[in-house]
Protein chains: 2
Amino acid sequence: MTDRSGSGGHRPAARLSKGRPSESARPASGVDRVFHALGDPTRRAIVEKLSSEGPVSVSQLAAPLLITLAAVVQHLQVLEVSGLVRTEKVGRVRTCRMEPAGLMLIEQWVSERRSLWQRRFDRLGDLLAEEE
Amino acid sequence: MTDRSGSGGHRPAARLSKGRPSESARPASGVDRVFHALGDPTRRAIVEKLSSEGPVSVSQLAAPLLITLAAVVQHLQVLEVSGLVRTEKVGRVRTCRMEPAGLMLIEQWVSERRSLWQRRFDRLGDLLAEEE
DNA sequence: CTAATTGTCAAGCTAATACTTAAGTATTTT
DNA sequence: AAAATACTTAAGTATTAGCTTGACAATTAG
């Protein structure tokens, strides 16, 4: 999985229209995809199900969610592209499983936020100590 | 910050319309709000900026993002409700800062996913060992 | 072989959303 | 006091997206 942390490219050049801006021309990074994927409650529920109950079929995902197969397939597509889920079709059954590695980008991003913030916090502490 | 992990309540009763379902009547949990907030690249960029550069004003957030103040204010609202950001107005300037505690829900969620998955993985390992 | 099951794909529908503008308020500077 | 600055709020706009239906294909069961 290509690892391009950061939120680059979300701001295109000056826009000419008043409505919602269309998606950036810049390809989405790994982090973009993962956070986008988990930004939806249904998709989070899918990942949760796969982590706790293991590999299940598309139908088995759809049932408790009370949504159509087609809706599930759409979500799975997003999850697969993000690297959080892997699916495999054997016969007419597609089995879905969670990819734990997919969570690493999130952890890294959070970790980075923390350490950058901590660094600033510490610097402030030093400044205050200096003034005494 | 109320801590209600999990993705409950995203699936309402049988729907009567074909369009996108409207938001669940059930109140969004902390995790819902945090993931929803970070599901947007602009909001992630805001959090990144606050973590690395420290407290900045609304204007200072808007400038590099090349979006209007009003847009930033909308994003800040989402971020504040999620607990990731805190703002404070002194005079005419509103200063925004990152709340590191807001990241904990994410870490917990990811952590849970990992351990549940790992548990299943280990169980499978035991089964296979048993068969030999 | 037919019927049932599982999934796929395309198109449509409706709600959400990320931005804008415009008008206004409050504070600070000149 | 007037002008400039920083923000706020409401309403509008265009795009995205999460769901559905309908038609179809492939596999399995009877």
If you find the nucleotide of DNA chain D closest to B:V73 and the one closest to A:L69, which residue's nucleotide is nearer the 5' end? B:V73

List the protein contact pattern of nucleotides 10-15 of chain C with one symbol per nucleotide (5' to 3'): B for base contact, S for sugar-phosphate-only contact, - for none; contact means a heavy-atom distance under 4.0 Å. -BBBBB

A:R114 with A:E107: basic N within carboxylate O range, under 4.0 Å: no

Taken to the nearest whole Å, CD1/A:I67 to P/D:dA17 is 16 Å

The reported gap from CD in A:Q74 to CG in A:D40 (rounded to nearest 0.5 angstrom) is 10.5 Å

Counting distance only, does the side-chain N/O of B:R94 pair as donor-acceptor with the main-chain N or O of B:V58 below 3.5 Å? no

I need the CD-C1' distance between A:E88 and C:dT8, as an integer number of Å. 18 Å

Just by modelled atom types, is the A:Q108 backbone N or O under 3.5 Å from a matching donor or acceptor in the A:S111 side chain? no

Cation-pi geometry met for B:R113 and B:W117 (6.0 Å, 45°): no

Mind calculating the distance between CD (A:Q60) and P (C:dG7) to the nearest angstrom? 8 Å

Grab the two heavy atoms, one from A:S52 and one from B:R120, that are nearest each other, plus how far apart they are. O-CD, 3.3 Å

May I ask you to verify if any side-chain N or O of B:T42 is less than 4.0 angstrom from the OP1 or OP2 atom of C:dA18? no

Validation row: B:R43, B:L38 side chains within 4.5 angstrom (heavy atoms): no

Using a strict heavy-atom distance below 4.0 Å, which residues from residues 49-56 of chain B are in contact with DNA chain C? none

From CD of A:Q77 across to P of D:dT16 the rounded distance in Å is 17 Å

Using only side-chain N and O atoms of B:H36, determine if any of them is under 4.0 Å from OP1 or OP2 of C:dA16. no

To the nearest angstrom, how far is B:R43 atom CZ from C:dC19 atom P? 9 Å

To the closest 0.5 Å, what do you measure between OG (A:S51) and CD (A:E53)? 9.0 Å

When rounded to the nearest 0.5 angstrom, what distance separates CG in B:L76 from CG in B:L61? 6.0 Å

Interatomic distance, CD1@B:I46 vs CG@B:L84, rounded to 0.5 Å, equals 11.0 Å

In whole angstroms, the gap separating P of D:dG18 from CG of A:L38 amounts to 12 Å

To the nearest angstrom, how far is B:L66 atom CG from C:dA18 atom P? 18 Å

Main-chain N/O of B:W109 paired to B:E112 side chain as donor or acceptor, under 3.5 Å: no

Which letter, B, S or -, goes with each nucleotide of nucleotides 24-30 of chain C from 5' to 3', with contact meaning a protein heavy atom under 4.0 Å? ---BB--

I need the CG-P distance between A:L76 and D:dC19, as an integer number of Å. 12 Å

